[in-house]
Enquirer: 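The structure that follows is given in the form of structure tokens.
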Amino acid sequence: MTEKEKAVAELSNNHVSGSMFLIMAYVPLLRSLASEEDYSKMYDEFSLVTSGCAEYAAAHAAWRHKRTYLAGRPATVIRHLVNTNSEFASAHPEAKDFGPMIPAGDHPEYPSGSSAIYSAFAQAADDWFLDKFNLADASKNTGPLTFTVPASKFYWTGAPSEDVTLEYENLNEWIEELPLSRVYGGVHFMDAGIAGVALGKEVGHACSRLLKRLRDGDMTATYPYANRE
């Protein structure tokens, strides 16, 4: 892996930094569109639908699907192939020593929870900006973004050995890279990341619909099932 690939994997797997990266991508855009008087109230609603609903709900949605598919992590699958498939073991001798850069959780691999969480936030934010300011695809209009992963001082022991500054044309570019970032970390297959992004977008839309119901005075929007009293 290159130092940049390690940095990409690090950012997507560190949920504190990843969430802050999302917030800091949208805040300048909100400040440029909202009046000084309205900014605080708008930021509160923005946070409600993104951090408060989308991130939280995406984690639950991802876990629901993980329990459905019970897919093995790359390390588990590769180890199994090495031990049971002599043709695979011969063609890929390096596989017997495979280990992920990032310690994989002991939960199923599919879909990627991180990809779902981050894309849910971005989709809810995009829906919100469209509703509030008639700005479509806000994640493509954040402007350039940077994030520096410091050498050997971040969350995972496999972090880059030198400072790496990641550069993106806009936030959407980072969202689209999420599936690959999970592969770099060695904790997911590409399909899991793609499915996670797709799931997250659906969650983001669902949170947007919930917010609309609350705005319209429907307090039952927060009820988890229709017959709750």
Enquirer: Testing the 3.5 Å rule here: is there a donor-acceptor pair between the side chains of T165 and T148?
Expert: yes
Enquirer: With the threshold set at 4.0 Å, does a side-chain nitrogen-carboxylate oxygen contact exist between E45 and R215?
Expert: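 Yes, this pair counts.
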Enquirer: Quick one: do L178 and M1 end up in the same hydrophobic cluster if we chain Ile, Leu, Val, Met, Phe, Trp and Tyr together by side-chain heavy atoms under 4.5 Å apart?
Expert: yes
Enquirer: Please determine whether a side-chain nitrogen of the Lys or Arg among E109 and K66 lies less than 4.0 Å from a carboxylate oxygen of the Asp or Glu.
Expert: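 Between K66 and E109 there is no salt bridge, as every charged N stays at least 4.0 Å from the carboxylate O atoms.
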Enquirer: At what distance, to the nearest 0.5 angstrom, does NZ of K96 lie from CG of N83?
Expert: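 Taking NZ in K96 and CG in N83, the distance rounds to 11.5 Å.
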Enquirer: Considering all heavy atoms of both residues, which atom of P111 and which atom of A195 are nearest to each other, and what is their separation?
Expert: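 Closest approach of P111 to A195: CB-CB, 4.0 Å.
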Enquirer: Between D137 and S139, is there a donor-acceptor pair closer than 3.5 Å when you use the side chain of the first and the backbone of the second?
Expert: no
Enquirer: Quick one: salt bridge (Lys or Arg N to Asp or Glu O under 4.0 Å) partners of E3, sequence neighbours excluded?
Expert: K6
Enquirer: Taking ring pair (Phe, Tyr, Trp, His ring centres under 6.0 Å) as the criterion, tell me which of F21, Y43, F129 meets it with Y26.
Expert: F129
Enquirer: Are M101 and F189 grouped together when hydrophobic residues (ILVMFWY) are joined by side-chain heavy atoms under 4.5 angstrom apart?
Expert: no
Enquirer: Are H65 and L199 close enough that some pair of their side-chain heavy atoms sits under 4.5 Å apart?
Expert: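 A side-chain contact under 4.5 Å exists here.
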Enquirer: To the nearest 0.5 Å, how far apart are CE in M20 and CG in N14?
Expert: 11.5 Å
Enquirer: So if you build clusters from Ile, Leu, Val, Met, Phe, Trp, Tyr with side-chain heavy-atom gaps below 4.5 Å, do Y39 and F46 land together?
Expert: yes
Enquirer: Count the heavy atoms of every other residue, nucleotide or ligand shown that sit under 6.0 Å from CD of E36, and state whether that count exceeds 12.
Expert: no
Enquirer: What I'd like to find out is whether the side chain of V203 reaches to under 4.5 Å of the side chain of Q123, using heavy atoms alone.
Expert: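 Side-chain contact under 4.5 Å: no.
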Enquirer: If you draw the axis of the six-membered ring of F98, does the NZ or CZ of R79 fall within 45° of it and under 6.0 Å from the ring centre?
Expert: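 That pair does not qualify as a cation-pi contact.
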Enquirer: Less than 3.5 Å apart, any donor N or O on the side chain of R182 or S12 sitting next to an acceptor on the other?
Expert: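 Note: R182 and S12 side chains meet the donor-acceptor criterion.
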Enquirer: Apply salt bridge (Lys or Arg N to Asp or Glu O under 4.0 Å) to D38 and list each qualifying residue two or more places apart in sequence or on a separate chain.
Expert: none
Enquirer: Taking only residues at least two apart or on different chains, which pairs with a member in residues 3-69 satisfy disulfide bond (SG atoms under 2.5 Å apart)?
Expert: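 Every disulfide bond (SG atoms under 2.5 Å apart) pair that includes a residue of residues 3-69, provided the two are not neighbours, is C53-C207.
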Enquirer: If you apply the rule side chain to side chain donor-acceptor pair (under 3.5 Å), what do you find for R73 with H107, and how did you get there?
Expert: CA-CA 8 Å; R73 296 274 179 176; H107 48 274; 2.9 Å; yes
Enquirer: Of all heavy-atom pairs between D127 and G204, which one has the smallest distance, and what is that distance?
Expert: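 Reported closest heavy-atom pair: OD2-O, 3.8 Å.
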Enquirer: Please confirm whether the backbone N or O of T142 pairs with a side-chain atom of N170, one donor and one acceptor, at under 3.5 Å?
Expert: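 No, because the side chain of N170 does not come within donor-acceptor range (under 3.5 Å) of the backbone of T142.
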Enquirer: Please say which of D126, L135, N172 ends up in a side-chain contact (heavy atoms from CB on, under 4.5 Å) with N141.
Expert: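 That would be L135.
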Enquirer: Ignoring hydrogens, what is the shortest heavy-atom contact between A192 and Y110? Give both atom names and the distance.
Expert: CA-CD1, 3.6 Å
Enquirer: Looking at side-chain heavy atoms only, is the closest gap between L211 and S208 below 4.5 Å?
Expert: no
Enquirer: Using the ring pair (Phe, Tyr, Trp, His ring centres under 6.0 Å) rule, take H15 and Y118 through it: C-alpha gap first, then chi angles, then the decisive distance, then the call.
Expert: CA-CA 9 Å; H15 285 200; Y118 296 142; 5.5 Å; yes
Enquirer: So which of E173, E177, E176 actually passes side-chain hydrogen bond (donor to acceptor under 3.5 Å, both in side chains) with Y168?
Expert: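 Running side-chain hydrogen bond (donor to acceptor under 3.5 Å, both in side chains) over E173, E177, E176 with Y168 returns exactly one hit, E177.
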Enquirer: Side-chain donor-acceptor pair under 3.5 Å between T50 and E55, yes or no?
Expert: no
